[in-house]
Amino acid sequence: MKDEGLQERVLEALEMFRPMLQADGGDMEFVNIDENYNVHLNLTGACGGCPMALMTLKMGVERYLKDACPEINEIIQDNAVDFGEGYEF
């Protein structure tokens, strides 16, 4: 990712959202921004193995991040747990 300004804004936005995850015993780790402007994260702590992690990621973190950085396409959880059918959104 060549746009260092974008990465800085993404990291700032993630830091603003982080306390909401930490309040429930979770956290997140920034991995990178790929060439398609997708942000890759790892959810850790209580969020790492939670069946609702994808919803938290898409409806919480992604929505917040897209408001702060409109050029971001989506957030991808690199360490997602596959819970099988019935947990797809």
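Sequence positions, counted from 1, serve as the residue numbers for this chain. Side chains are part of it too, since the values below use all heavy atoms of this structure and drop only hydrogens, waters and symmetry mates. It should be emphasised that the depicted structure is a prediction, and the values quoted were computed from it without experimental measurement.
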### Query
Cluster question for you: counting only ILVMFWY and a side-chain heavy-atom cut-off of under 4.5 Å, with indirect links fine, are Val31 and Leu65 together?
no
### Query
Do any N or O atoms from the side chain of Asn42 and from the backbone of Asn79 form a donor-acceptor pair under 3.5 angstrom?
yes
### Message
On a heavy-atom basis, which atom in Leu41 and which in Phe30 lie closest, and how many Å separate them?
### Response
CD2-CA, 3.6 Å
### Heavy-atom closest contact (Asp78 atom, His40 atom, distance)
OD1-ND1, 2.7 Å
### Query
What distance separates Ile72 CD1 from Leu6 CG, expressed to the nearest 0.5 Å?
4.5 Å
#### Entry: Greater than 12 external heavy atoms within 6.0 Å of Arg18's CZ
yes
### Query
Any chance the side chains of Asp24 and Gln22 put a donor and an acceptor closer than 3.5 Å?
no
### Message
Using 0.5 Å steps for rounding, measure from the CD1 atom of Ile76 to the CD1 atom of Ile33.
### Response
12.0 Å
### Task
Considering non-hydrogen atoms only, spot the tightest contact between Leu14 and Met28 and give its length.
O-CE, 3.1 Å
### Message
Please check if the number of heavy atoms outside Met59 that lie under 6.0 Å from its CE is greater than 12.
### Response
no
### Task
To the nearest 0.5 Å, tell me how far Leu11 CG sits from Glu4 CD.
9.5 Å
### Message
Can you give me the closest heavy-atom contact between Cys47 and Gly26, atom names plus distance?
### Response
SG-CA, 3.6 Å
### Query
Ion pair present between Glu71 and Arg9, side-chain N to carboxylate O less than 4.0 angstrom?
yes
### Message
Ignoring hydrogens, what is the shortest heavy-atom contact between Lys58 and Ile75? Give both atom names and the distance.
### Response
NZ-O, 3.0 Å
## Note on the structure
Here the gap from Asp34 atom CG to Glu74 atom CD, rounded to the nearest 0.5 Å, amounts to 8.5 Å
### Task
Report yes or no: does Asn73 contribute a side-chain atom to a donor-acceptor pair with the main-chain N or O of Asn36 at less than 3.5 Å?
yes
